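Following: one structure in structure tokens, then a few remarks.
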Amino acid sequence: MRRPPGRGITDLVERLLTVAEVYAPVERDQSVVFDRIESAREAAIDRGPAALSPKNLVFPRCEMLLSSSTRGDESGRAPDPGPGGPRVLFGVRPCDARAIALLDRILGGGEKTDSYYIRRRESLVVISIGCTESLETCFCETTGGGPRSTEGSDILLEDLGDRCEASIITEKGVWLAGQIGLEHDPAGARTPRGPAPPAGPAADLAELKKRLDRSFEDQCWRDIALKCIGCGVCTFLCPACHCFDVIDEETAGVRVRSRIWDSCQFPAFTEQASGYNPRPSAAERFRQRVMHKFSYCIERYGMPGCVGCGRCVSRCPVNLDIRTVTASFLGDGGEP
Amino acid sequence: MEASAIVRTVRERAAELLASGRVDLVIGFEQGSMPMRAAPCFVSDADGTDRLVWNSFCGVNLARFLRGRHGRIAVVAKACDTRALVELIKENQLCRTDMVVIGVPCAGMVDSAAVEEITGHAGITGVEEADGRLLLTAGGSPVSLPREDVLCRSCRRCSTRNPVICDIAVGERAPEPEIPGFLDVDQFAALPSEERRTRIEAEMKRCIRCNACRNVCPMCYCVRCFADDAFPQWVGRGGDPGSVMSFHLVRALHLAGRCVECGACERACPTGVDLGILNRRMSADVYRHFGYRPGMAPEIPSPLSTFSPGDPEDFMLEPDRGRSCGCGG
Ligand code: SF4
Ligand code: SF4
Ligand code: SF4
Ligand code: SF4
């Protein structure tokens, strides 16, 4: 059973609220999602992983890129300038924080910097809480992370009930800790006191990638994807999926160009204007999802595109479990 | 019949069908990757039928998986799956002679999300069923819940518990409860309009447009769904709440007189949108105007796809124009 957050967490959130906008898991309509909070009471830290990941805060489901109007007035506004002051993303699990680290590598760094992402990301300070309990669906360790992973976090907390102990990971973390007078060991990441919960078996990701790469033309994908209904559940709930489409819409003379989440599981994702679709069936589309996560992301960004949060595992309508799929490639040393 | 006896019979019949060559494929359920999950599975040789299971988590409507497959197919079907099969046959999407229905009576399916809610999301590592109860291992401790308390919304109001069409019947007929027709719809309709609007908008607000409801629906099989069409674009894909609402309203209209109320859409929805709020109203209207419940009788034509010259046209806004072809003759 889950415990309510201790005094340590509540105190800390109260202090954060005095210096920044705070976003935390909150209960909305019987499910837990990330949203702005005004008081520490609202935070639902004790309720397991949020149904929807915090991705929406840096990469919204629908984001206006530009707009124009033929009305000759201000109704064709410039895109919203994004958040001004500091925002704290509080109470994320280390898996979700690690997903932000991946998004940073893809959208926030190098030559392909995405200004819309950066605009939201720069002002965001990520405070995660190391997990003391895990769910059946958790497998962060399989993807190279762990319940105490610091990747993507600016501050990592250990919840000790009446108090929290903090590891300050980044410059941003140092700054925020200073703002709220958060005590910490200047020597850097501390050793957690409590034991970490189980979070999936460790896996040889390099070997997995090698075997996946060899399987591209394999018939197995047809069998694996037989039951897949091609919905967007797995990709839309995923904290690490980041594919989008750009759409133009017009209402009353105002044209708006937005980017919206898209999913490689939708047939239209790769359909070309001619009608030709290079990924004509669920087999190719599901293969793409697995390849992207466990081959291409590793190749390009040095980490997998899955952090093992387990959302897709628990929510896929037909129980097409990505853990089973990756394990089938690694199992028994044999080829799938 | 005991659940384990049902499983045994399903496996035996499926194996016979495959071994004798009567069917090329059996579609049923197998144990999922964790407790409280059963997954659609496709078995094409008799040795593989040991994978088949039957339990309280077989909520997906398997009628969804028959279209577009070649050969003769056997399907392990509960009542609402057979209702969808009936409609699909009427709509010429499936051929009755190409399918073998292994019909299983149903006591309602369990909503795993509701169980997780009750057990406080403590890891569930085991589940068994006995005497109408779920015996769970949650967070390491035993928890016993009456099935009735955690049934899916659609199963609570279902009074069709036995397959409508069936070639091989498994188990004894399930008792069919007397359930007052559309109490939920009438209660909702009795609310002030502002409150109804607020309630519907609150549901729509949770929708992330993942299309799971549509894709899992046995009756949503359009080659190109209006929601995916770009030329012309019938419904926006952006964040406008009106677009989300349009998607669901148009889908509800497309399902009027066709929705078999299996609730597969609601179970698939990752954010728990109460789609019944719209679809049930359609079902109530179709029943009240046409005395028709989809999927109940293969021989009764679907009212909304049947034309009769005597049909009333009192809904026409300009009745005279409606009757003339405009050529002046
Ligand atoms: S794997 Fe599951 S969630 Fe993902 S597209 Fe297929 S059916 Fe939907
Ligand atoms: S693929 Fe699934 S488990 Fe992995 S990060 Fe995405 S939602 Fe989580
Ligand atoms: S919503 Fe309408 S157009 Fe889309 S698949 Fe369903 S019936 Fe077809
Ligand atoms: S399944 Fe739920 S979230 Fe997905 S499109 Fe349907 S109503 Fe929206």
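This is a predicted model, so every value here is computed, not measured. Just so it is clear: chains get the letters A, B, ... in the order the sequence lines come, proteins before strands, and each one is counted from 1.
- With a 4.5 angstrom heavy-atom cutoff, A:Glu250 does not touch chain B via any of its atoms.
- Heavy atoms from other residues, nucleotides or ligands lying under 6.0 Å from CZ of B:Arg199 number 12 at most.
- Pairing each heavy atom of A:Asp321 with each of B:Ser33, the nearest pair is OD2-OG, 2.6 Å.
- Heavy-atom distances place the side chain of A:Cys62, and not its backbone, under 4.5 Å from chain B.
- The structure places CE of B:Met36 at 10.0 Å from CD of A:Glu136, a figure rounded to the nearest 0.5 Å.
- Contacts between B:Cys269 and chain A at a heavy-atom distance below 4.5 Å involve the backbone alone (N, CA, C, O).
- The minimum heavy-atom distance linking B:Gly238 with A:Ile260 is given by the pair CA-CG2, 4.0 Å.
- Contact annotation for B:Arg209: both backbone and side-chain heavy atoms come within less than 4.5 Å of a heavy atom of chain A.
- Put simply, the side chain of A:Arg323 reaches to within 4.5 Å of the side chain of B:Met34, judged on heavy atoms.
- Proximity of B:Arg237 to A:Ser258: side-chain heavy atoms (C-beta onward) are nowhere separated by under 4.5 Å.
- Using a 4.5 Å cut-off between heavy atoms, A:Val256 does not touch chain B at all.
- Heavy-atom distances place the side chain of A:Leu52, and not its backbone, under 4.5 Å from chain B.
- For B:Arg196, the CZ atom is densely surrounded, since the number of other residues' heavy atoms within 6.0 Å is greater than 12.
- Not a single donor-acceptor pair under 3.5 Å links the side chain of A:Asn319 to the backbone N or O of B:Ala39.
- With contacts defined as side-chain heavy-atom distances shorter than 4.5 Å, the pair B:Arg37/A:Cys316 does not qualify.
- Crowding of A:Arg257 atom CZ: a count of heavy atoms from other residues, nucleotides or ligands under 6.0 Å not exceeding 12.
- Neither the backbone nor the side chain of A:Asn56 has a heavy atom closer than 4.5 Å to any heavy atom of chain B.
- Both the backbone and the side chain of B:Asn211 have a heavy atom closer than 4.5 Å to some heavy atom of chain A.
- Heavy atoms of A:Asp223 lying under 4.5 Å from chain B are absent altogether.
- With a 4.5 angstrom heavy-atom cutoff, A:Leu226 touches chain B via backbone and side-chain atoms both.
- With a threshold of 4.5 angstrom between heavy atoms, A:Thr137 approaches chain B through side-chain atoms but not through N, CA, C or O.
- Summarising the geometry, atom OG1 belonging to B:Thr271 is positioned 8.0 Å from atom CZ belonging to A:Arg315; distances are rounded to the nearest 0.5 Å.
- A pairwise comparison of heavy atoms in A:Val233 and B:Ala212 identifies CG2-CB, 3.5 Å as the closest pair.
- Taking a 6.0 Å sphere around CD of A:Gln219, one finds it holds 12 or fewer heavy atoms contributed by other residues, nucleotides or ligands.
- For the set A:Thr324, A:Leu320, A:Val318, the entry with the most heavy-atom pairs within less than 4.5 Å of chain B is A:Val318.
- Among all heavy-atom pairs drawn from A:Gly230 and B:Asn215, the shortest one is O-ND2, 2.8 Å.
- B:Val60 touches chain A through its side chain: at least one heavy atom from C-beta onward sits under 4.5 Å away, while N, CA, C and O do not.
- Under the 4.5 Å side-chain criterion, counting only non-hydrogen atoms from C-beta, A:Leu237 is in contact with B:Ile208.
- Neither the backbone nor the side chain of B:Glu203 comes within contact range of chain A; no heavy atoms are under 4.5 Å apart.
- Between chain A and the options B:Ala268, B:Pro40, B:Gly239, heavy-atom pairs under 4.5 Å are most frequent for B:Pro40.
- Counting only heavy atoms from C-beta outward, the side chains of B:Arg206 and A:Arg28 never approach each other to under 4.5 Å.
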